[in-house]
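Taking it in order: structure first as structure tokens, then the write-up.
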There are 2 protein chains.
Amino acid sequence: MGVNKAIQSIRIPQIVEAAVEIIAEKGIKEATLDAVAKKAGLSKGGLIHYFPTKKDLIEAAVKGFFARIFERGKEIRDNIDDPYEQLASFTWLYDRNDPDYFRGYRMFFEIMTIASADEEYRQIFHQWVNGWVELLKASIEKGVERGDFEVENPEEAAKTISAIYQGVASRWFLDPENHSDEWARETVRNLIKFIVSKK
Amino acid sequence: MGVNKAIQSIRIPQIVEAAVEIIAEKGIKEATLDAVAKKAGLSKGGLIHYFPTKKDLIEAAVKGFFARIFERGKEIRDNIDDPYEQLASFTWLYDRNDPDYFRGYRMFFEIMTIASADEEYRQIFHQWVNGWVELLKASIEKGVERGDFEVENPEEAAKTISAIYQGVASRWFLDPENHSDEWARETVRNLIKFIVSKK
DNA sequence: CGGTTTTTAAACTAATTGGTCGGTTTTTTG
DNA sequence: CAAAAAACCGACCAATTAGTTTAAAAACCG
């Protein structure tokens with residue numbers, strides 16, 4: 001009796017998508033339930049039916065967003081064979097024409113800011129970072145096995161590369177005037193090469 | 001008649017300081033005028049007398065904060081002679097016991113998030129980045145002159161080092177579980193060494 | 001001191017918004 | 001088909017808060 005799985009499997013992604021959109025537009029605090037409901041094509045009452053509180057809604061949006069970006073990264077990497085090119089494959093993040101460009105960075109900054117003061121979100125961020133580090137580590141280990149790389153501690157190297165991606169991303173997004181796509185991509189590629197290269 | 005300069009020169013820094021404190025605590029959106037007024041030791045009416053709108057108050061807090069951190073960085077660097085040590089001197093940012101530790105990072109994330117959607121704040125961020133890049137560039141040029149470094153384009157190198165500082169800082173602050181002070185400092189030092197070293 | 005101006009406090013206003021609630025429509029199920 | 005459950009709606013409530021107003025207090029000056 002009861003739950004209509006078919007409609008839920010449509011409504012929930014629909015609402016989450018709308019929430020991501022509104023958050024990117026206005027920020028988390030200013031993202032109102034009315035706005036999300038409207039964007040998702042239902043009423044506030046309807047929205048509340050699926051996500052009883054704003055907190056639930058935001059959490060779903062954050063996690064859904066993270067999962068999607070992570071999947072994209074993984075897929076792109078998995079289509080590449082060369083370990084160095086795998087490590088450099090995340091430069092798709094530095095593309096101002098990507099459909100996720102604005103939404104993605106806005107979400108990311110919002111989440112970081114919340115995480116800077118909220119333990120629960122810090123955990124979510126921690127898991128996100130861990131995911132990327134694992135991905136990078138696997139490529140480094142592959143390169144070491146092949147004899148292409150020389151890396152003492154793949155985990156440390158992966159953390160460093162991941163942090164570089166983030167630092168370059170912040171500058172590239174927030175100060176486009178001085179940080180071109182080229183700059184972002186070349187900077188990351190050079191630093192990765194240094195980190196994994198034979199001494 | 002008229003403006004009492006003496007009291008203004010006390011009140012304004014007092015209010016700005018209180019605003020930074022409250023923003024770090026609650027975030028910009030949740031920083032209420034009442035809370036700032038209370039922390040600064042006057043009433044909301046008094047606060048409004050000095051800063052007619054919340055926007056004015058926040059802007060003063062942001063600029064005041066940026067100026068203070070920048071001054072600290074400059075002063076520490078200027079007490080060092082060796083160009084490489086100058087470049088590495090900003091690792092004081094990776095100190096969890098620093099009195100500005102929590103406030104500083106919180107402010108920084110808040111500002112970045114606003115800048116990600118607001119042209120005016122993007123300009124402020126741009127100037128901030130420029131300031132650091134200039135500082136770093138000067139040290140690089142000094143090293144090149146001395147014959148310690150080999151750098152084709154000091155400006156580019158400075159931008160890269162600056163971005164690395166930021167990426168490492170984000171990870172170090174948001175995911176302390178996996179990113180120790182040691183890690184942050186050593187990572188930055190190694191990467192700087194690579195960037196300026198003779199090939 | 002007396003009067004004038006500046007500064008402060010606190011009550012108030014208007015707008016926003018998360019969440020509630022009573023009810024209606026739609027779907028499922030026995 | 002009927003009854004029960006789920007999905008959905010939108011008016012309403014209560015809390016919050018930026019900014020205004022008003023009146024008292026403090027500072028200043030001749």
Side-chain angles (χ1 to χ4, degrees), chain A residues 1-62 110-111 113-114 117-118 120-121, chain B residues 1-62 110-111 113-114 117-118 120-121:
Chain A
M1 50 183 189
V3 181
N4 184 335
K5 295 280 182 201
I7 191 113
Q8 286 212 357
S9 69
I10 292 170
R11 277 282 186 264
I12 288 178
Q14 201 177 41
I15 292 168
V16 168
E17 173 63 24
V20 169
E21 203 74 38
I22 297 291
I23 291 169
E25 223 170 87
K26 313 186 181 216
I28 284 183
K29 181 69 189 184
E30 290 84 354
T32 65
L33 297 182
D34 277 316
V36 173
K38 191 175 171 189
K39 176 80 87 180
L42 37 50
S43 70
K44 180 150 71 168
L47 173 60
I48 290 289
H49 176 72
Y50 292 101
F51 295 97
T53 69
K54 182 174 176 179
K55 193 167 175 290
D56 295 325
L57 174 65
I58 300 299
E59 209 170 299
V62 166
E110 287 283 340
I111 293 166
T113 299
I114 296 177
D118 179 311
E120 194 180 332
Y121 274 78
Chain B
M1 45 165 208
V3 184
N4 183 334
K5 294 280 181 200
I7 194 131
Q8 285 212 357
S9 67
I10 292 171
R11 278 279 187 265
I12 288 179
Q14 198 177 42
I15 292 168
V16 168
E17 174 64 18
V20 169
E21 201 75 36
I22 296 290
I23 291 169
E25 227 169 83
K26 314 188 181 215
I28 283 181
K29 181 70 187 183
E30 291 84 352
T32 66
L33 298 181
D34 278 317
V36 173
K38 192 175 171 188
K39 176 80 87 179
L42 39 51
S43 73
K44 179 151 69 167
L47 174 59
I48 291 289
H49 175 72
Y50 291 103
F51 296 98
T53 70
K54 183 174 176 178
K55 192 167 175 292
D56 296 324
L57 174 65
I58 300 298
E59 208 170 298
V62 166
E110 287 284 340
I111 293 166
T113 300
I114 297 178
D118 180 311
E120 194 181 334
Y121 274 78

Set out, in order, the CA-CA distance, both residues' side-chain angles and the distance that settles side-chain contact (heavy atoms from CB on, under 4.5 Å) for A:Val36 and A:Phe51, then state yes or no. CA-CA 11 Å; A:Val36 173; A:Phe51 295 97; over 6 Å; no

Using a cut-off of under 3.5 Å, enumerate the N/O to N/O pairs linking the protein to nucleotides 19-22 of chain C.
from   : atom 1 : to      : atom 2 : distance (Å)
C:dG19 : OP2    : A:Lys54 : N      : 2.7
C:dG19 : N7     : A:Lys44 : NZ     : 3.1
C:dG19 : O6     : A:Lys44 : NZ     : 2.8

In Watson-Crick or G-U wobble terms, with both distances under 3.5 Å, the base opposite D:dC13 is C:dG18

Interatomic distance, B:Phe51 CZ vs D:dT17 P [rounded to whole Å]: 21 Å

Atom CZ of A:Arg11 and atom NE2 of A:His49: how far apart are they, to the nearest 0.5 Å? 10.0 Å

Could you list all the side-chain hydrogen bond (donor to acceptor under 3.5 Å, both in side chains) pairs where at least one residue sits in residues 18-32 of chain A, not counting sequence neighbours? A:Glu21-A:Arg103

Please work out if B:Leu42 contacts a base, only the sugar-phosphate, or nothing of the nucleic acid, heavy-atom cut-off 4.0 Å. sugar-phosphate

Please round to the nearest 0.5 Å and tell me the distance separating atom CD1 of B:Ile48 and atom CG of B:Leu33. 5.0 Å

Is the phosphate of D:dC8 approached by A:Tyr50 (side-chain N or O, under 4.0 Å from OP1 or OP2)? yes

Separation of B:Leu57 CG from B:Ile15 CD1 (nearest 0.5 Å): 7.5 Å

Let's go through B:Asp34 and B:Lys38 carefully: what are the C-alpha distance in whole Å and the side-chain angles of both, what is the deciding distance for side-chain contact (heavy atoms from CB on, under 4.5 Å) to 0.1 Å, and is it a yes or a no? CA-CA 6 Å; B:Asp34 278 317; B:Lys38 192 175 171 188; over 6 Å; no

Measure from CG on A:Leu47 to C1' on D:dA6 and round the result to the nearest Å. 16 Å

Rounded to the nearest 0.5 Å, how far does CD1 of B:Ile28 lie from OG1 of B:Thr113? 9.0 Å

Sorted by number, the residues of residues 20-31 of chain B with heavy-atom contact under 4.0 Å to DNA chain D: B:Ala31

Could you go step by step and tell me if A:Tyr50 and A:Val16 meet the side-chain contact (heavy atoms from CB on, under 4.5 Å) rule? CA-CA 10 Å; A:Tyr50 292 101; A:Val16 168; over 6 Å; no

If pairing requires Watson-Crick or G-U wobble contacts with both distances under 3.5 Å, which nucleotide is the partner of D:dT22? C:dA9

Gap between atoms NZ and P, on A:Lys38 and D:dC8 respectively (whole Å): 19 Å

Might you work through the side-chain contact (heavy atoms from CB on, under 4.5 Å) test for A:Gln14 and A:Leu42, ending with a clear yes or no? CA-CA 10 Å; A:Gln14 201 177 41; A:Leu42 37 50; 5.7 Å; no

Between A:His49 and D:dC8, does any side-chain N or O lie under 4.0 Å from OP1 or OP2? no

I want to check one thing: is the phosphate of C:dT8, taken as OP1 and OP2, less than 4.0 Å away from some side-chain N or O of B:Ser43? no

